[in-house]
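Contents: one structure, followed by commentary.
Numbers here simply count residues along the sequence, with the first being 1. Because only heavy atoms are used, hydrogens play no part in the values below, and waters and symmetry mates are left out as well, while side chains stay in.
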Amino acid sequence: MGTGRAVPDRVLTNAELEKMVDTTDEWITERTGIKERRIAAPDESLSDFALPAAERALESAGISGSEVDMVICATVSPDMSFPATSTLIQDRIGATGAAAFDLSAACTGFVYALGIAAQFLETGWARTALVVGGEVLSKITDWTDRNTCVLFGDGAGAVVLRAAEDDKRGVLGVAMHSDGSLGDLIYLPGGGSQHPQSESVLDQSLNFLKMKGNETFKIAVRSLAEVSDEVLSRNRLSHGEVDWFIPHQANRRIIDAVGQRLEIREGRTYVNIERYGNTSAASIPIALDELNRDGKISPGDVVLLSAFGSGLTWGAGLIRW
Ligand code: UT7
């Protein structure tokens, strides 16, 4: 029914990163496609972006927050461990009594949340769902580690969903997978019950996310292509029938490789990584909102979403707009 997004005002360019760590604009651009990213101010947290993104989605849907009966916020960088950031959103938009929970599936979080919301609408167990994907990864990034600090950005995107009158439009299907044996490829060791915050956690930099980028890269391309195929074939749609492919924005080279494998039509793979970097759970809903507000998606268009991230988790969603 509607989409919205909100990102921090502060733009951090590759040129600025050159002064912070041993890197170059050339390396970052060639290896990732990223030119700049948005970074939250010290006093800003996830809800500062998730809430305005949600409000804009409600406005574009033309409904009030009181009509929402389910709020899901996909994130791994919530305001606090608990209560869930989704309950802050629920309260501020006036969704009185709505179910509200956060969903932890890292970069795949928005696809997972979309699948769950769609199921609740289909069964009639919920009437109107607000699905937010948002991150403030800058707060768990080691700004001295060039392997990770050049990659990520902050922001949030949101969508409002309601059961369609007919079954031709809406979320046609979602496929969701995981492989926990590969959990050490991307993880945040500190701050949980295994390594609660302590001086030793800080001394060992366990409060910052770790990633084995190169190993992740190879699995990402294969998984994104396979799960996209799965959701397409389940709905008896061919690659050529995809009007927009919106992959998670982790790396321009991953996006291009998956787009080629899937034989997505020329110019139909949406890319905005150069402006935002990898915003994890926020990347797909931010992209969706840009396409929607720019009037590039038409009613009836087939939109394929696919994502991959820590867990490992991966998934794809198919929407008839
Ligand atoms: O969103 C969740 C899922 N995440 C992903 O899908 C991320 C997937 N991985 C990637 O996007 C890429 O693997 C990276 C962009 C993270 C890294 O690119 P790469 O081409 O795989 O580089 P690499 O890790 O193999 O490193 C190549 C070289 C290394 O130097 P040596 O050992 O060959 O001398 C790194 O130390 O590049 C070096 N390097 C850098 N150099 C300049 C790593 N980071 C930087 C940097 N600036 N920022």
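Under the 3.5 Å distance criterion, the side-chain polar atoms of Asp48 are matched with a main-chain donor or acceptor of Ser45. Remark: the backbone N or O of Val68 is not paired with any side-chain donor or acceptor of Gln90 at under 3.5 angstrom. Formation of a donor-acceptor pair under 3.5 Å by the Arg265 side chain with backbone atoms of Val242 is found in this model. Proximity of a side-chain donor or acceptor of Asn235 to a complementary backbone N or O of Leu237 within less than 3.5 Å is not detected. Side chain of Thr313 to backbone of Ala105: a donor-acceptor contact under 3.5 angstrom is found. Under the 3.5 Å distance criterion, the side-chain polar atoms of Ser86 are left unmatched by any main-chain donor or acceptor of Cys73. Between the side chain of Ser66 and the backbone N or O of Gly94, no donor-acceptor pair lies under 3.5 Å.
When side chains are defined from C-beta on, Trp314 counts as touching Asp179, because their heavy atoms get closer than 4.5 Å. Counting only heavy atoms from C-beta outward, the side chains of Val136 and Glu44 never approach each other to under 4.5 Å. Looking only at side-chain heavy atoms (C-beta outward), Leu209 and Phe152 come within less than 4.5 Å of each other. Counting heavy atoms from C-beta on, the side chains of Phe208 and Asp145 never come closer than 4.5 Å. Between Val303 and Leu288, the closest side-chain pair of non-hydrogen atoms falls below 4.5 Å. Counting only heavy atoms from C-beta outward, the side chains of Gln197 and Leu202 approach each other to under 4.5 Å. Looking only at side-chain heavy atoms (C-beta outward), Val150 and Arg31 stay at 4.5 Å or farther from each other. Pro78 has its side chain out of reach of Met80: every pair of non-hydrogen atoms, C-beta onward, lies at least 4.5 Å apart.
Scanning both residues, Asn272 and Glu290, for their nearest heavy atoms gives ND2-OE1, 3.1 Å. Shortest non-hydrogen contact noted between Ser306 and Ala316 is CB-CB, 3.9 Å. The minimum heavy-atom distance linking Asp142 with Cys149 is given by the pair O-CB, 3.5 Å. The minimum heavy-atom distance between Ala113 and Val131, with the atom names listed, is CB-CG1, 3.6 Å. Nearest heavy-atom pair, Ile34 versus Arg37, reported as atom, atom and distance to 0.1 Å: CG2-NH2, 3.3 Å. Looking at every heavy atom in both residues, Val76 comes nearest to Ser104 through CG1-OG, 3.9 Å.
Connection of Leu12 to Ile273 is established within a shared hydrophobic cluster, with ILVMFWY side chains joined at heavy-atom distances below 4.5 Å, either directly or through further cluster members. No single ILVMFWY cluster, assembled from side-chain heavy atoms under 4.5 Å apart, contains both Ile140 and Tyr187.
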Full working for side-chain hydrogen bond (donor to acceptor under 3.5 Å, both in side chains) between Asn278 and His248: CA-CA 8 Å; Asn278 179 349; His248 167 50; 3.3 Å; yes

What's the verdict on side-chain hydrogen bond (donor to acceptor under 3.5 Å, both in side chains) for Lys35 and Thr29, showing C-alpha distance, side-chain angles and the deciding distance? CA-CA 6 Å; Lys35 296 299 285 183; Thr29 307; 3.3 Å; yes

From CA spacing to verdict: side chain to side chain contact (heavy atoms under 4.5 Å, CB included), Asn292, Trp321: CA-CA 10 Å; Asn292 187 26; Trp321 202 257; 3.7 Å; yes

Criterion side-chain hydrogen bond (donor to acceptor under 3.5 Å, both in side chains) on Asp154 and Ser138, from CA distance to verdict: CA-CA 7 Å; Asp154 302 333; Ser138 61; 2.6 Å; yes

I'd like to know whether Ser238 forms a side-chain hydrogen bond (donor to acceptor under 3.5 Å, both in side chains) with Glu241, so could you lay out the CA-CA distance, the side-chain angles of the two residues, the decisive distance to 0.1 Å, and finally the verdict. CA-CA 5 Å; Ser238 68; Glu241 288 173 281; 3.1 Å; yes

Please evaluate residues Glu226 and His177 with respect to the criterion side chain to side chain contact (heavy atoms under 4.5 Å, CB included), reporting the C-alpha separation (whole Å), side-chain torsions for both, the decisive distance (0.1 Å), and the verdict. CA-CA 11 Å; Glu226 279 175 8; His177 298 286; over 6 Å; no

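A distance of 10.5 Å separates CG in Leu114 from CD in Gln119, rounded to the nearest 0.5 Å. Considering CG of Leu304 and CG of Asp243, their distance stands at 11.0 Å, rounded to 0.5 Å. How far CG of Leu224 is from CG of Asp229: 11.5 Å, rounded to the nearest 0.5 Å. To the nearest 0.5 angstrom, Ile219 atom CD1 is 5.0 Å from Leu185 atom CG. Rounding to the nearest 0.5 Å places OG1 of Thr23 at 7.0 Å from CG of Leu17. Atom CZ in Phe101 sits 5.0 Å away from atom CE in Met70 (nearest 0.5 Å).
More than 12 non-hydrogen atoms from other residues, nucleotides or ligands lie less than 6.0 angstrom from CZ of Arg10. Other residues, nucleotides and ligands contribute at most 12 non-hydrogen atoms within 6.0 Å of the CG atom of Asp9. Annotation for Trp125: atom CH2 does not count as buried by contact number, only 12 or fewer foreign heavy atoms lying within 6.0 Å. For Gln204, the CD atom counts as densely surrounded, since its 6.0 Å shell holds more than 12 non-hydrogen atoms of other residues, nucleotides or ligands.
Taking His239 as the reference, nothing meets the ring-ring contact (aromatic ring centres under 6.0 Å, His included) condition, with sequence neighbours excluded.
Within the structure, the salt bridge (Lys or Arg N to Asp or Glu O under 4.0 Å) test picks out no pair touching residues 68-97 (sequence neighbours left out).
For the residue pair Glu16 and Thr13, a side-chain donor N or O sits within less than 3.5 Å of a side-chain acceptor on the partner. When only modelled atom types and interatomic distance are considered, Thr279 and Glu135 share no side-chain donor-acceptor pair under 3.5 Å.
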